[in-house]
Amino acid sequence: MDDRERKPYITRIVGLGIVVVLIFSILGFNLWHLQITQGSFYAAKAQGNAMKLVKVPPTRGDIVDRNGKLLVTSVPEFVLNLDWLDLQLANSSNWKDVVRTLAGYIEPYWPIPNQSIDSITEDILVNIQNHQWERYRPVVILDNVPPELQASIAEHKEELPGVSVDAIPVREYPQKILAGQLLGFVREIKDTAEIDQFNKNPDAQKAGFEYAQGDMVGKDGVEKSYDFWLRGIEGVQQIEVDNSARPLSKKIITPSQAGKTVQLTIDADLQKVVEDSLDDVIATIQQTNPAAHAGAAVVIDVNTGKILAMVSRPGMDPNELTGIISDAMVDKYWPQDPKRASQAASLNRALSGVYPPGSVFKMVVAMAALKLNLTTPYEQIDDRMSSLGDRPSQQQGFPEWGGNYFGLVNMYKGLAKSSDIYFEVMGRRVFDTNTEVIKQISNEFGLGVNNGIDLPGESKGTAPSAEWKKAYYGPTYEKSRDKKLATIESDYAPKLADAADAKAKQKVQAAKDAEINKVNAEYRQNVSEFVDWKVYDSYNNSIGQGDNSYSPLQLANYISTMVNGGKRFSPYVVDKLLDPNTGETVLQNEPEVLNTVSVSPEILDHTKQGMRAVVTGSGTEEGTAKFIFSDLPEFTGGAKTGTAQIGNVNTELGEVFNGMFVAFAPYDNPQIAFAGVVESGKHGGDTAGYVAKAAFMQYFGWKTANGS
């Protein structure tokens, strides 16, 4: 190749070399500029970058019934998130404008009706402000985002920096109202006081876990009491942010672990039958009494303490308490009007509601009288007021219910006919002998004490006695007396000091002493009338009225203890915890005997026979609940009806009666016990008794005589 042919190639090589030199010169200059000229600037900026560790919430565990039927789960739901860090990258001069723009798009879907865009904007800003403790976690603005809004957000994404629609696990209760109060609901932890409460959980302490602001926690029921196990183990995500708090990168350090599956002792099918039956009874009562709206029932395994059904009305749908709660829902579950407080659908009346037991308490009085050898099951009492004693005694007692006269009544007939006169006589004998025995026996059977159920909100109730009455009412009058005496002392101190002479001082002192004597006399009168135990108290409390107040759960456990041989179990609703992946049992709850009663097996058997008399007999011996089970050939067991007066005679509530009912089945080797109340239900046999019948039919598979 000659020089002329080589010349174009040489020219190209030279040109390429010049380009290469030029590129390296530029790169070298930039490298020098970054490392030398601006090295200190970028070094400082890099030092401003920080690594933040952010919790990754796990999927909350499922809750199933004893047969594995799904009651609670977590499902993916589209939520509208606002990322505070990304929001600060907004091109708008004021990031609040972005929030207002967002409010305009979501206004048609906002759960609180008739709110202006400005009001929604303010709500969002407040929500952001409330989450300033965790700037690296997105704030949920709206739950359950419909497809139309998802499309709108996606279409306007450029003008909505930091706004996204994401799928997150949300609590769902597929059976809706079924066992609502028992299951509870989940919301964000409220304040430091609630955080401290959760951090006292022994399981959390043992695991070294600490609750923090922003955690989603169970607010009631099983969701709350087993929150630590249901919540799972949080993962850890590492986020690198620059010195302007903007995210640069994200990395999962530790993946989250799903919560445990909680298997209940509850039978969902039995629960449904009891709920439906109670609803039917309340609906029937409302036809004549529109104010009737509430009730509760419990079915318990007498040999273990396992709760098989726990029902409360009005019912609660936990799905309505997920996300933003409307004013209507707040009023439904937590009415602010004191007159409507009893209508709160959030209240688990089976667990937290306490009621005067009425005649279902009479078995306690029978056992107390037999234990103290004050009677035998066969002693007969003439069913007349004269049996109460002299006229003053009769004036403090109560005539037979319904104007009835049951003739000569022994313990069996007394329970069968629910004779008030018989139990007033026996109750007074017991209280005159020992004012504390009836309270002692009540407590042994789980009345007026905590039974230790694995749910929050258990009511203790009240089992009254002379000592209890003195301790409860006495301090009120003591404080009133002491306050009045202190006032007298302060009023007379300057008068005595200013007295002109001894005679004047003596006169002032006499006036002071007269006022002191008057106050002390008034105090003694109040103690005698309102604090000291009266014959009236013996009569009133012996028929389940007075200060007696117990929950349906306590009444169910009382019957359970009576018919299982005298062992009081601690009731429980969670059978075991399961690994969600393997199905293996992680924790198994076992029956726990709290105490064995001091009442002898013979007395328990006599009382059990008395309850059988309530559902058997004929003619003048027919029990008050026989009609309920008369068409159920396979039924054997016992029961007790109750009609409990709510208020004192001659008051607004004096004519309002709750229907009370307790029962067990079968008679030989009892398996389950029932307790129920229908507020404003009057006679328990006509109301709660039918709920018990439905429960027994479902549990045992019994059919009526006509096959229904």
Enquirer: Judged by atom type as modelled, is there a donor-acceptor pair below 3.5 Å linking the side chain of E679 to the main-chain atoms of G659?
Expert: no

Enquirer: So, S419 and E400: side-chain donor and acceptor under 3.5 Å apart, yes or no?
Expert: yes

Enquirer: On the ring face of Y536, is K534 found with NZ or CZ under 6.0 Å from the centre and within 45° of the axis?
Expert: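 Because its charged atom misses either the 6.0 Å distance or the 45° angle limit, K534 does not stack over Y536.
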
Enquirer: Can a donor-acceptor pair be found, under 3.5 Å and without considering hydrogens, that links the side chain of N548 to the backbone of N541?
Expert: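 Between the backbone of N541 and the side chain of N548 there is a qualifying donor-acceptor contact (under 3.5 Å).
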
Enquirer: Check the side chains of D513 and Q509 for a donor-acceptor pair under 3.5 angstrom, ignoring hydrogens and angles.
Expert: yes

Enquirer: Consider only side-chain N and O atoms of K371 and S598, and report whether a donor and an acceptor are under 3.5 Å apart.
Expert: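 A pair is found: one side chain offers a donor N or O, the other an acceptor, under 3.5 Å apart.
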
Enquirer: Would you say the side-chain atoms of Y539 and D537 include a donor-acceptor pair closer than 3.5 Å?
Expert: no

Enquirer: Quick one about W334 and S346 (side-chain donor to acceptor, distance below 3.5 Å, no hydrogens or angles considered), yes or no?
Expert: yes

Enquirer: Please work out whether the ring planes of F445 and Y558 are parallel, tilted or perpendicular, with thresholds of 30° and 60°.
Expert: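 Correct class here is perpendicular.
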
Enquirer: If the threshold is 4.0 Å, N to carboxylate O, is there a salt bridge linking E194 and K219?
Expert: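 A salt bridge is present here (some side-chain N lies under 4.0 Å from a carboxylate O).
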
Enquirer: Is it true that S359 and S418 share a donor-acceptor pair across their side chains at a distance under 3.5 Å?
Expert: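 Checked: S418/S359 side chains pair up, N/O donor to acceptor below 3.5 Å.
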
Enquirer: Between F209 and Y211, how do the two ring planes meet: parallel, tilted or perpendicular, split at 30° and 60°?
Expert: perpendicular

Enquirer: Is the cationic atom of R384 (NZ for Lys, CZ for Arg) positioned less than 6.0 Å from the six-membered ring centroid of Y405 and within 45 degrees of its normal?
Expert: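 Positive - R384 is close enough to the ring of Y405 and near enough to its axis.
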
Enquirer: Do the side chain of S551 and the main chain of G353 share a donor and acceptor less than 3.5 angstrom apart?
Expert: no

Enquirer: Do the side chains of D547 and K469 get close enough for a salt bridge, i.e. N-O under 4.0 angstrom?
Expert: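 No.
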
Enquirer: Are more than 12 heavy atoms from other residues, nucleotides or ligands located less than 6.0 Å from atom CD of Q286?
Expert: yes

Enquirer: Between the side chain of Q545 and the main-chain N/O of Q645, is any donor-acceptor distance below 3.5 Å?
Expert: yes

Enquirer: Report yes or no: do R568 and N451 form a side-chain donor-acceptor pair below 3.5 Å?
Expert: yes

Enquirer: Would you check if there is a donor-acceptor pair between the side chains of S538 and R429 at a distance under 3.5 Å?
Expert: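 S538 and R429 do not have a side-chain donor-acceptor pair below 3.5 Å.
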
